[in-house]
**Q** 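Just dropping this structure here.
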There are 2 protein chains.
Amino acid sequence: MTIYEVARRAGVSIATVSRALRGTGPVAGPTREKVLRAVEELRFMPSRAGVSLAEGRHAANGIVFPNLSGPYFTEVLIGYEEVASELGRSVIILSTKGRDAIRDLVRELAGRVDGLVVFGSTVPDDVIDELAASGLPLVLISHAERPGAVTLRSENAASAKALATHLLGHGYRRFAFLGAPYATGDDVDLRWQGVREVLGDAVTPVLTAEYTVESGHEAALRLLGAPGGPEAVICSDDEVALGAILAAEQLGLSVPDDVAVTGWDDIMAARHARPALTTVRQPMRELGARAARALDALIAGAGPEDGHRVLQTELIIRSSCGHHPPGGR
Amino acid sequence: MTIYEVARRAGVSIATVSRALRGTGPVAGPTREKVLRAVEELRFMPSRAGVSLAEGRHAANGIVFPNLSGPYFTEVLIGYEEVASELGRSVIILSTKGRDAIRDLVRELAGRVDGLVVFGSTVPDDVIDELAASGLPLVLISHAERPGAVTLRSENAASAKALATHLLGHGYRRFAFLGAPYATGDDVDLRWQGVREVLGDAVTPVLTAEYTVESGHEAALRLLGAPGGPEAVICSDDEVALGAILAAEQLGLSVPDDVAVTGWDDIMAARHARPALTTVRQPMRELGARAARALDALIAGAGPEDGHRVLQTELIIRSSCGHHPPGGR
DNA sequence: TTGTATGCGTTATCAT
DNA sequence: ATGATAACGCATACAA
């Protein structure tokens with residue numbers, strides 16, 4: 001079912017069919033009618049490959065993330081897909097978790113899209129370099145500022161300081177920062193830096209295997225099971241924090257009476273956990289939506305080719321960090 | 001950067017470049033070297049549109065789901081993407097939630113892929129008809145059997161009966177089935193049918209707005225707040241069940257002492273909830289993985305063009321449905 | 001083993 | 001207002 005068959009059926013040329021269908025160039029009323037009828041009868045849909053080749057664009061965006069296991073990347077993806085779809089662009093996903101030939105996969109993806117969103121730390125930096133050098137529009141989420149790409153992230157250090165300060169206000173003096181191995185400049189690293197700036201040597205870093213409930217659980221069991229444990233555990237994210245709460249419960253420790261626990265992200269489970277989790281809300285969907293818009297602007301050639309944008313967060317005080325006087329703020 | 005420039009640089013024809021790159025047809029050793037060197041120097045990547053047009057295929061699969069808000073669709077997507085990627089196929093996603101021109105979006109998607117996975121009830125049946133009629137390989141998840149497409153789902157009715165029977169064993173006699181408006185033949189409808197078959201008039205259906213914690217919470221507040229409420233609430237899925245547990249707690253009711261609650265799916269939060277949720281485990285990732293493989297077979301032209309496959313589930317007894325003697329089964 | 005030439009399905013330019 | 005035709009970038013049948 002090609003444009004030629006439609007043209008033949010309508011008794012016109014393929015040029016006319018193309019014009020009638022996409023509204024470019026003049027087409028007489030009756031002619032348009034004939035064409036549309038033929039299209040209808042033949043259930044014609046222009047071949048995407050043909051269009052892409054002729055137009056020199058894909059009308060598709062890519063997104064590269066490490067995995068979709070937790071709510072974080074999923075939420076960002078939701079915001080991204082929604083806006084991309086509104087802008088008439090399909091979205092092609094690529095998860096790097098457990099893949100070995102990441103470089104090839106990313107290259108392949110790059111070949112099918114007009115632009116790419118990449119989460120920091122999912123792709124080796126030289127691959128990013130290659131993409132940027134190729135001129136592909138690029139938006140990096142939670143990645144250090146970088147010429148040749150737009151970078152976008154939520155604020156980390158200031159929120160971390162606010163959180164740490166709040167915990168000091170509760171009277172805690174021995175802290176642990178619980179999270180996965182963080183890479184320099186990634187979100188969790190910045191949170192750690194912020195926390196450390198306020199707490200100094202009062203806070204000890206404790207690594208988990210991953211940013212998951214399971215990992216948080218295991219690490220917290222060890223941390224809280226040993227003597228001289230922390231009075232407050234600042235977790236890299238909500239999932240690790242939920243794991244820490246489980247561990248505390250398992251060890252017969254009360255949260256927050258025996259040990260305070262805080263998270264990050266404000267995923268849905270944070271509000272429903274017991275105790276409800278004190279956390280830093282991060283606008284995850286907004287992050288995805290902004291990325292989609294920024295990428296669109298990049299592709300359209302509007303705006304600067306690089307730049308850095310930081311989205312604000314909000315400290316959400318609930319009950320897992322300690323007791324608060326009713327009516328107090 | 002086209003194949004012509006590579007050919008010129010290597011001093012060969014484009015046919016030789018193509019052969020050297022994709023390993024089809026014979027190429028002399030030294031010639032291959034020259035070509036590969038030119039490719040390297042020019043950072044050549046074949047144009048996806050060109051390849052697709054020439055090959056007559058996209059090497060891409062689509063998947064259509066209602067949303068990615070909860071763990072269910074996300075988990076299926078994880079399994080799907082992983083297998084599709086292994087099979088060398090990109091994954092293009094489409095969320096229908098809140099979209100108005102679903103038909104057009106699906107058509108557009110259909111034009112960019114070699115095959116499509118669609119969750120039941122996300123797309124009007126006549127759109128499915130159109131896709132099937134067009135000959136596009138189609139796998140339907142949690143959709144009624146259907147000629148012209150492979151359908152795939154997890155088992156529902158038998159699990160529902162087992163669950164209901166287990167609850168009867170606890171001695172409960174007044175039940176509610178809590179879930180969103182279900183469509184005939186969808187998963188939740190089949191669960192309801194199974195439950196009803198065992199419990200008869202002892203179970204009352206109660207609708208929620210959606211399959212979400214919030215919806216379950218609201219509906220359960222009304223259900224449990226009224227006099228003569230049920231002794232056990234069988235929920236359509238874990239998220240609704242978590243909402244129900246929240247509602248019970250809020251109303252000062254103990255789960256399971258005052259009211260039992262069960263879920264479905266065994267999402268991660270089910271195990272971590274308090275009380276831990278009795279539920280029916282459904283192999284979500286496996287569902288996605290199977291869909292990807294079935295679609296691949298369909299595209300390859302292997303196997304029958306339609307068929308129905310049902311994946312087994314497992315009843316997971318935890319503490320939200322009542323007390324169990326230690327050591328008992 | 002290598003090259004030539006054609007087709008894949010559009011879009012868009014340029015005549016008419 | 002409409003039609004012929006040249007790209008677009010690649011794969012491949014066929015010749016050499």
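Proteins come first, then strands; the chains are lettered A, B, ... in the order of their sequence lines, and each starts at number 1.
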**Q** Side chain of B:A54: nearest nucleotide among D:dG9, D:dG3, C:dG9?
**A** D:dG9
**Q** Please determine, for the side chain of A:S13, which listed nucleotide (C:dA5, D:dT5, D:dG3) has the closest atom?
**A** D:dG3
**Q** For a 4.5 angstrom cut-off between non-hydrogen side-chain atoms, does A:I93 reach A:F65?
**A** yes
**Q** When you measure from the side chain of B:P26, which nucleotide among D:dC10, C:dT1, D:dT2 comes out closest?
**A** C:dT1
**Q** Counting only heavy atoms from other residues, nucleotides and ligands, does the tally under 6.0 Å from CZ of B:R103 exceed 12?
**A** yes
**Q** State which of D:dG9, C:dT10, D:dG3 makes the closest approach to the side chain of A:V51.
**A** C:dT10
**Q** Among C:dA12, D:dT12, C:dG9, which nucleotide has an atom closest to any side-chain atom of B:A15?
**A** D:dT12
**Q** CD1 of B:I3 versus P of C:dG7: gap in Å, rounded?
**A** 19 Å
**Q** Select one nucleotide: of D:dC10, C:dT2, D:dT2, the one nearest the side-chain heavy atoms of B:V27.
**A** C:dT2
**Q** Of the options D:dG3, C:dT11, D:dA1, whose atoms approach the side-chain atoms of A:S18 most closely?
**A** C:dT11
**Q** Any side-chain N or O of B:T16 under 4.0 Å from OP1/OP2 of C:dG3?
**A** yes
**Q** Nearest whole Å is fine: how far is D:dA7 P from A:L53 CG?
**A** 14 Å
**Q** May I have the distance from A:H58 (atom NE2) to D:dC8 (atom P), rounded to whole angstrom?
**A** 15 Å
**Q** Can you figure out which of D:dA11, C:dT11, C:dT1 approaches the side chain of B:A28 most closely?
**A** C:dT1
**Q** Within the structure, does a side-chain N or O atom of A:R22 lie under 4.0 Å from either OP1 or OP2 of C:dT10?
**A** no
**Q** Has A:E41 got more than 12 heavy atoms of other residues, nucleotides or ligands less than 6.0 Å from its CD?
**A** yes
**Q** A:R19 has a side chain; which of C:dG9, C:dT11, C:dT13 sits nearest to it?
**A** C:dT13
**Q** Quick check for you: among D:dA1, C:dG3, C:dT11, whose closest atom lies nearest to any side-chain atom of B:V12?
**A** C:dG3
**Q** Quick one, B:L105 and B:T96 - any side-chain contact, counting heavy atoms below 4.5 Å?
**A** no
**Q** Under 4.0 Å between a Lys/Arg side-chain N and an Asp/Glu carboxylate O for B:R9 and B:E5?
**A** no
